[in-house]
Amino acid sequence: MRARFAPSPTGFLHIGNARTALFNWLAVRNAGGEFIVRSDDTDTARSTAEFAQDILDGLRWLGLDWDEGVEVGGPHGSYRQSDRFDRYREVAESLTAAGTAYPCFCKAEELDERRKKARDEGKPPGYDGRCRTIDSDEAATRVAAGESASLRLAVPRPGATTFRDVVREDMSFDNETIDDFVILRSDGSPTYHLASSVDDIDYGITHVIRGEDLLSSTPKHILIAQGMGAESPTYVHLSLLMGPDGSKLSKRHGDTSLHAYRNAGFVADAVVNYLSLLGWSPGGDDDIISRDDAVARFSLDDVLKNPAVFDPQKLEWMNGAYIRAMDPEGFAASLQPLVEADLERPLEVAEMAALTQLAPLVQERTKLLTEVAPQVRFLFGDLVYDDKSWNKVMTTPEARSALGGAAAALSDVEDWSAPAIEEALRAMLGSLELSARKGLQPIRVAVTGSSVSPPLFESLEGLGREQSLERIRVASERIG
RNA sequence: GCCCCCAUCGUCCAGCGGUCCAGGACUCCGCUCUUUCAAGGCGGCAACAGGGGUUCGAAUCCCCUUGGGGGCACCA
């Protein structure tokens, strides 16, 4: 099996395209074949190096490694279509020589006009085929004279183009519904249809796994392959990803670029897992499935036909599950840069130790990596009180005595550790006859600034005795 | 307008003619655990789009309707 992911670098890697890449990768890895990444950059005007880089970065981040293609090379040259225009021209010319394609002298503006008119009249907007009837010798003469012409494929009529799609089964398109499409523009550049079809054949692609939006273009690709006397690959058209409103997932549903999710604090494994569940199911009751399991169980035969709505909430839940499953050291390590970015300074050794100590407790309550920094900020920066928390907790009659009791109790703790701190504070609660809630919440707000924080005793331990007492003192004064 | 695709809880999936008054997950709502918030445990709400067939028997097969989606460029 040889499958390919062939994005056009005319935009950032879209989450939907990432899923297409993933399904290609899963199918190939399951079959033990080769995964190829190609750059379909025939649209030189819209393609940029930045987009190309974003796409490759995204694939690498997801861990979708490729065996051949852009940046890794392989036996087929550059894997960038912009480097292969000569090859496409060669094919286009041979198709023309064989009478399978013909020159079209219509101007773009005329075409636009005619298309608009046809639409208004309720007719099919495709090319009407008028240059097809021009005598081939005459056409050749005009081309030789330098008249500007594109090349169109002469779609056989009457007739039908049929193929068997792995997920859609038998497909048949009446050739009358396929217009004579352009394969080579008048500037000599190839269109997507030509370049993609030629490459799939030249590279020995066995399975074209792509979005359903290309389903109705497939007959065109098959016709080109036929013109080349080659066998077409097997086609697998994946249903599209939908937004919450049921239309194709796009910018209007928010930022759908993969890197947006990465920046938002999602982890790659969770994204891979979640995406794999859109249009496929590993079977069984558990939605959390390891990458290896997914590879082992994946089959194109099990891919669903119906479109799937992308649900960010479930992705978030899954991300939390993956974060909780990380090993604590790895979690702490991935936190460091985020916390440092938040503080806008590097962490000192002692601070890193405090972070590492608290990390496992933060880990349990984190859905997105990016929400960690605010949770642990109290350990490092200047304390900022959350007004709502303060008003809710510090205005109770018990707050003052709880803080006073805590100051005394914590001063006497010999071994500054969470268990010893807990013991001392519980004794304080007992002697003051305060409930845990009434007695501990003021301490939490005093020390972390918020009524919501990581577990209190560990937080105190991480902060250190001196800082803790100082904050309790400041809070007591602030109560007045 | 024409061509094509799709149709099980709000969402993602299981179901591939009887074991389904339909199962799991997310969300939501209770309860529980608890120093807060989470996480966890327990429980709950919630679906076979409609109509015809086929069959002893249909969520499962066929047809129609309806609804949704995609495509119809010298973009990809």
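Basis for what follows: all heavy atoms, side chains included, without hydrogens, waters or symmetry-related copies. A note on names: the letters A, B, ... follow the listed sequences, proteins ahead of strands, and every chain is numbered from 1. Computed from a predicted model, the values in this text were never measured in an experiment.
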>> Taking B:A58 as the reference, what is the distance to B:C62 when you measure between their P atoms (whole Å, please)?
In response: 16 Å
> In whole angstroms, how far is the P atom of B:U35 from the CZ atom of A:Arg444?
Replying inline: 10 Å
> What nucleotide among B:G10, B:C13, B:G1 has an atom nearest to a side-chain atom of A:Asp311?
Replying inline: B:G10
> Across all strands shown, which nucleotide pairs with B:C42 by Watson-Crick or G-U wobble geometry, both distances under 3.5 Å?
Replying inline: B:G30
> So which nucleotide from B:U35, B:G24, B:G70 ends up closest to the side chain of A:Gln441?
Replying inline: B:U35
> Rounded to the nearest 0.5 Å, how far apart are CG of A:Leu440 and OG of A:Ser451?
Replying inline: 13.0 Å
>> Would you say that more than 12 heavy atoms from the other residues, nucleotides or ligands in this model lie under 6.0 Å from the CZ of A:Arg80, or not?
In response: no
> For B:C5, does either OP1 or OP2 sit under 4.0 Å from a side-chain N or O belonging to A:Ser239?
Replying inline: no
> Which of the following nucleotides, B:C13, B:A76, B:C26, is nearest to the side chain of A:Ala308?
Replying inline: B:C13
> How many Å lie between NZ on A:Lys220 and P on B:C74, as a whole number?
Replying inline: 9 Å
>> Please determine whether a side-chain nitrogen or oxygen atom of A:Arg119 lies at a distance below 4.0 Å from atom OP1 or OP2 of B:C72.
In response: no
>> When the C1' atoms of B:A59 and B:A14 are compared, how many Å lie between them, rounded to an integer?
In response: 12 Å
> With a non-hydrogen cut-off below 4.0 angstrom, is A:Arg46 in contact with a base, only sugar-phosphate, or nothing?
Replying inline: base
> Please give, in whole Å, the distance from B:C33 C1' to A:Glu364 CD?
Replying inline: 13 Å
> Testing A:Pro103, A:Cys106, A:Cys104 for side-chain contact (heavy atoms from CB on, under 4.5 Å) with A:Arg152, which one passes?
Replying inline: A:Cys104
> B:A59 pairs with which nucleotide, Watson-Crick or G-U wobble, both distances below 3.5 Å?
Replying inline: none
>> Output the rounded distance in Å from CG (A:Leu277) to C1' (B:G24).
In response: 11 Å
>> By the 4.0 Å heavy-atom rule, please label A:Lys367 as base, sugar-phosphate, or nothing.
In response: nothing
>> Among A:Asp199, A:Asp41, A:Asp40, which residue satisfies the salt bridge (charged side-chain N to carboxylate O under 4.0 Å, His left out) criterion with A:Arg84?
In response: A:Asp199
>> Nearest 0.5 Å, please: how far is CG in A:Leu368 from CD in A:Glu316?
In response: 4.5 Å
>> Taking only the P atom of each, what is the distance from B:G43 to B:U54 in whole angstrom?
In response: 44 Å
> With a 4.0 Å cut-off on heavy atoms, is A:Phe457 in touch with a base, just the backbone sugar-phosphate, or nothing at all?
Replying inline: base
> Rounded to whole angstrom units, what separation is found between the CD atom of A:Glu113 and the P atom of B:A73?
Replying inline: 16 Å
>> Under 4.0 Å, counting only non-hydrogen atoms across every strand here, what does A:His237 touch: a base, just sugar-phosphate, or nothing?
In response: nothing
>> Can you check the distance between B:C31 and B:C16, where both ends of the measurement are the P atom (answer in whole Å)?
In response: 38 Å
> Reckon A:Lys305 has a side-chain N or O less than 4.0 Å from the OP1 or OP2 of B:G69?
Replying inline: no
> Taking atom P of B:G71 as reference, at what distance in whole Å does atom NZ of A:Lys248 sit?
Replying inline: 4 Å
> Nearest to the side chain of A:Asp213 - B:G71, B:G1, B:G24?
Replying inline: B:G71
> Just wondering, do A:Val208 and A:Arg4 contact through their side chains at under 4.5 Å, heavy atoms?
Replying inline: yes
>> Students often get this wrong, so: under 4.0 angstrom with heavy atoms, is A:Gly279 touching a base, only sugar-phosphate, or nothing?
In response: sugar-phosphate
>> Side chain of A:Thr42 only, heavy atoms from C-beta on: which candidate in B:G24, B:A76, B:U35 is closest?
In response: B:A76
> Taking for each residue the nucleotide of RNA chain B bearing the nearest heavy atom, is the 5' side occupied by A:Leu456 or by A:Phe105?
Replying inline: A:Leu456
>> Would you call the rings of A:Phe310 and A:Tyr274 parallel, tilted or perpendicular, taking 30° and 60° as the class edges?
In response: perpendicular
> Are A:Arg324 and B:A38 close enough that a side-chain N or O sits under 4.0 Å from OP1 or OP2?
Replying inline: no
> OP1, OP2 of B:C4 versus side-chain N and O of A:Arg168: anything below 4.0 Å?
Replying inline: no
> According to the Watson-Crick and G-U wobble definitions, with both distances under 3.5 Å, which nucleotide is paired to B:C37?
Replying inline: none
> Rounding to the closest angstrom, what is the interatomic distance between B:C21 and B:C3 at atom C1'?
Replying inline: 42 Å
>> Side chain of A:Lys314, heavy atoms from C-beta onward: which of B:C74, B:C26, B:G70 has the nearest atom to it?
In response: B:C26
>> Would you measure the distance from the C1' atom in B:C42 across to the matching atom in B:C33 and give it in whole Å?
In response: 11 Å
> Do the two ring centres, one from A:His221 and one from A:Phe181, sit under 6.0 Å apart?
Replying inline: no
> Hey, does A:Leu111 reach any base, or is it just sugar-phosphate, or nothing, if we go heavy atoms under 4.0 Å?
Replying inline: base
> With respect to A:Arg38, which candidate in A:Pro7, A:Ser196, A:Ser78 satisfies the side-chain contact (heavy atoms from CB on, under 4.5 Å) definition?
Replying inline: A:Ser196
> How would you label the contact of A:Pro455 with the nucleic acid (heavy atoms, under 4.0 Å): base, sugar-phosphate, or nothing?
Replying inline: base
>> If you assign A:Val309 and A:Leu215 each to the RNA chain B nucleotide with the nearest heavy atom, which residue ends up on the more 5' nucleotide?
In response: A:Leu215
> In the structure shown, which nucleotide is the Watson-Crick or G-U wobble counterpart of B:U54, with both distances under 3.5 Å?
Replying inline: none
> When you measure from the side chain of A:Pro125, which nucleotide among B:G24, B:C72, B:C3 comes out closest?
Replying inline: B:C72
>> Given the structure, check if the side chain of A:Ser186 and the base of B:C74 hold any donor-acceptor pair shorter than 3.5 Å.
In response: yes
> Of the nucleotides B:U11, B:C4, B:C13, which one has an atom closest to the side chain of A:Met171?
Replying inline: B:C4
>> Rounded to whole Å, how long is the line connecting atom NZ of A:Lys392 with atom P of B:C37?
In response: 7 Å
> For A:Ile178, which contact category applies under a 4.0 Å heavy-atom criterion: base, sugar-phosphate, or nothing?
Replying inline: nothing
> Base, sugar-phosphate, or nothing for A:Ser453, non-hydrogen atoms under 4.0 angstrom?
Replying inline: base
> Using atom C1' of each nucleotide, how far apart are B:G53 and B:A46 to the nearest Å?
Replying inline: 31 Å
> Aromatic rings A:Phe298 and A:Trp280: how do their planes relate, parallel, tilted or perpendicular, breaks at 30° and 60°?
Replying inline: tilted
>> What is the separation between atom CG on A:Leu275 and atom P on B:C13, rounded to the nearest whole Å?
In response: 12 Å
>> As a test of reading the structure: which of B:C6, B:A25, B:U35 is closest to the side chain of A:Pro307, going by heavy atoms?
In response: B:C6
> B:G68 and B:C28: how far apart are their P atoms, nearest whole angstrom?
Replying inline: 28 Å
> B:U36 phosphate, OP1 or OP2: any side-chain N/O from A:Arg437 under 4.0 angstrom?
Replying inline: yes
> Just checking A:Met242: base, sugar-phosphate only, or nothing, at a heavy-atom cut-off of under 4.0 Å?
Replying inline: sugar-phosphate
> Where the side chain of A:Ser281 is concerned, which of B:G70, B:A14, B:A76 is the nearest nucleotide?
Replying inline: B:A14
